[in-house]
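Read the structure below first, then the notes.
This is a predicted model, so every value here is computed, not measured. Values reported hereafter were calculated over all heavy atoms of this structure, with side chains retained and with hydrogens, waters and symmetry mates removed. All ligand and atom numbering here is 1-based and tracks the order in the structure.
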Amino acid sequence: MAELQSVERALEALLKDVKAGDVERIDCEAAAGRVLAESVTARLDVPPADNSAMDGYALRHADAGQWLPVSQRIAAGHAPEPLAPGTCVRIFTGGEMPPGADTVVMQERVEAQNAQAHIPSDITLGDNVRRRGRDVGAGTPLLEAGTRLEAAALGHLAGQGITRVDVYRRPRVALLSTGDEIIEPGQSLAPGQIHNSNRPMLSRLLERFGAELVMREHVPDDFATTQRLLREAAERADVIVTTGGVSVGEEDHVKHALESLGQLDLWQLAMRPGKPLALGRIGQARLVGLPGNPVSCFVGAWVYLRPLMGALLGCPHMAALPRLWARADFTTHTQARRHYMRVGLEFTAEGIVAHAFADQNSAVLSSCLEADALAVVPEHTTLHEGERVECLWLTD
Ligand SMILES: Nc1nc2c(c(=O)[nH]1)N[C@H]1C(S)=C(S)[C@@H](COP(=O)(O)OP(=O)(O)OC[C@H]3O[C@@H](n4cnc5c(N)ncnc54)[C@H](O)[C@@H]3O)O[C@H]1N2
Ligand code: MOO
């Protein structure tokens, strides 16, 4: 039997020489979830001028503690006139401060009558004024290359009036499920058959990881067809993901077909689930051969496909899942394979508790439904209930 390889070695082999792909310029409107390929410097101050944080009255602080004539009304969106000396102005949240005013008092603290306002004396210079450039200063770094464009980053770009950005092209992925027993949802099961769970599950995960699915095929247990579809996938995709057909059975053709067309870099890992996972390449395309069991696919996607997509996208944040420590609510024992257990996390006042799904078999997809994290139990370890266990948080 081949020696089992460590997860670290597998990741090293998988990510070796992987570089971010081509760059394309796209509309910010279509950029959600994409990864910036350029560093963006702010070109505008945000806010562009001092403005009021409250509905109230703007004045010169030195004039506080008396009745002042209200000399102007400034609603948001309208340019102010300079403040007439010895007066105050009615101003609304977001209204631009008139030159000469330095402080705003909220209207609840002001008595107003006959175009006059009484301003209390106990106010502090600069109260309720949002200074120009407080959020972003023109000329300062705004977003770094490698940033994934999520809500706040998209808001920041819009705040600068930017409409187009350079992003990395989404990695093209071919997803091939294998196995004569597999049929698609919508078809009724004949004896010996099972529905294809891996395809929609992996499609969704790959989309979350930023991939573009360019090919989705089902491959029967036949060497020639496996070879033909792998060859086609290698021409169309940056990454080929297969499910099933990588174990030692006579009907497991993926590994042999890979060896005949390209190169097998690594096979048989010291992890559970996912032992027969195969890594290799055909031409320029990387191949990740996930075992057929749905849980092996789920775990393999988080552990291998996410960092691979991150490397192809130039997104350092995706290189490793965030780690946290939790108290195990279970006892378990491992042998030669590190166990990636599916756990739900409970955040309590005493800390985080990891609840393991009772049946951790790699064919039991129910164990992934409520999984917030993978609790990592190292090789040759007994973990007792109440002990701390390292968890990988399943977040994209
Ligand atoms: N003699 C040995 N047998 C097995 C070994 C071993 O070391 N020696 N390893 C076991 C382990 S561990 C795993 S994991 C599996 C993986 O085998 P394959 O990658 O070849 O996967 P298949 O045999 O094709 O399928 C395994 C299992 O998963 C079901 N499956 C496959 N595809 C799908 C799909 N798209 N949707 C839903 N379910 C799917 C399939 O019907 C099988 O039940 O090998 C063990 N055997
Ligand atoms: O290593 Mo396999 O994925 O357990 O069942």
Side-chain angles (χ1 to χ4, degrees), residues 1-7 10 173-187 189-206 213 215-223 225-226 229-230 240-259 264 266-280 287-305 332-342 356-357 359-369 371 374-377 379:
M1 199 182 90
E3 192 196 333
L4 299 183
Q5 308 284 337
S6 70
V7 173
V173 177
L175 177 57
L176 309 183
S177 50
T178 73
D180 281 349
E181 77 280 28
I182 308 297
I183 60 163
E184 295 308 315
Q187 298 175 286
L189 289 177
Q193 294 184 326
I194 184 165
H195 283 119
N196 193 344
S197 313
N198 290 341
R199 178 192 281 192
M201 179 176 65
L202 289 171
S203 298
R204 174 65 187 136
L205 284 173
L206 284 161
L213 281 161
M215 182 175 166
R216 296 204 309 177
E217 289 287 340
H218 187 72
V219 190
D221 289 326
D222 163 76
F223 184 75
T225 315
T226 309
L229 287 168
L230 281 181
I240 307 168
V241 177
T242 62
T243 74
V246 283
S247 187
V248 292
E250 284 147 33
E251 299 296 341
D252 293 333
H253 298 295
V254 170
K255 185 170 145 280
H256 301 300
L258 165 64
E259 284 168 323
L264 175 72
L266 205 125
W267 181 56
Q268 300 273 58
L269 302 184
M271 70 182 290
R272 178 177 161 220
K275 182 175 83 171
L277 196 135
L279 301 176
L287 183 140
V288 178
L290 299 170
N293 284 312
V295 183
S296 313
C297 288
F298 181 85
V299 171
W302 284 104
V303 174
Y304 298 103
L305 295 180
T332 191
H333 177 70
T334 58
Q335 293 176 338
R337 294 196 283 157
R338 183 187 301 175
H339 198 177
Y340 288 79
M341 299 179 68
R342 280 73 64 211
F357 190 81
D359 188 345
Q360 292 279 329
N361 185 281
S362 65
V364 177
L365 188 55
S366 317
S367 67
C368 302
L369 267 182
L374 299 171
V376 184
V377 186
E379 301 80 342

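The structure places CZ of R338 at 4.5 Å from CD of E379, a figure rounded to the nearest 0.5 Å. Taking CZ from R199 and CD from E184, the interatomic distance works out to 4.0 Å, rounded to the nearest 0.5 Å. Here the NE2 atom belonging to H218 is positioned 11.0 Å from the OG1 atom belonging to T225, to the nearest 0.5 angstrom.
For ligand 1, the atoms lying closer than 4.0 Å to a non-hydrogen atom of N196 are 34 (C), 35 (N), 36 (N). Listed by number with element, the atoms of ligand 1 under 4.0 angstrom from any heavy atom of P291 are 14 (S), 16 (C), 19 (O). Ligand-side atoms of ligand 2 in range of N293: 5 (O), range being under 4.0 angstrom from any heavy atom. Atom numbering of ligand 1 starts at 1 in the shown order; those under 4.0 Å from a heavy atom of G245 are 18 (P), 19 (O), 20 (O), 21 (O), 22 (P), 24 (O). For ligand 1, the atoms lying closer than 4.0 Å to a non-hydrogen atom of E181 are 40 (C), 41 (O). Close contacts of ligand 1 with D252, meaning ligand atoms under 4.0 Å from a residue heavy atom, involve 20 (O). Atoms of ligand 1 lying under 4.0 Å from at least one heavy atom of H195, given by number and element, are 36 (N), 37 (C). Distances below 4.0 Å separate heavy atoms of V248 from the following atoms of ligand 1: 1 (N), 2 (C), 8 (N).
Some N or O of K275 is nearer than 3.5 Å to an N or O of ligand 2, by distance alone. Below 3.5 Å of separation, one finds an N or O of V246 facing an N or O of ligand 1.
Residue contacts with ligand 1 leave out A363, since none of its heavy atoms falls under 4.0 Å from the ligand. At least one heavy atom of S197 sits less than 4.0 Å from an atom of ligand 1.
The closest protein non-hydrogen atom to atom 2 (Mo) of ligand 2 is G274 N, 3.7 Å. Of the protein's non-hydrogen atoms, the one nearest atom 5 (O) of ligand 2 is S362 OG, 2.3 Å.
Closest heavy-atom approach to atom 27 (C) of ligand 1 among the candidates N293, L290, V254: N293.
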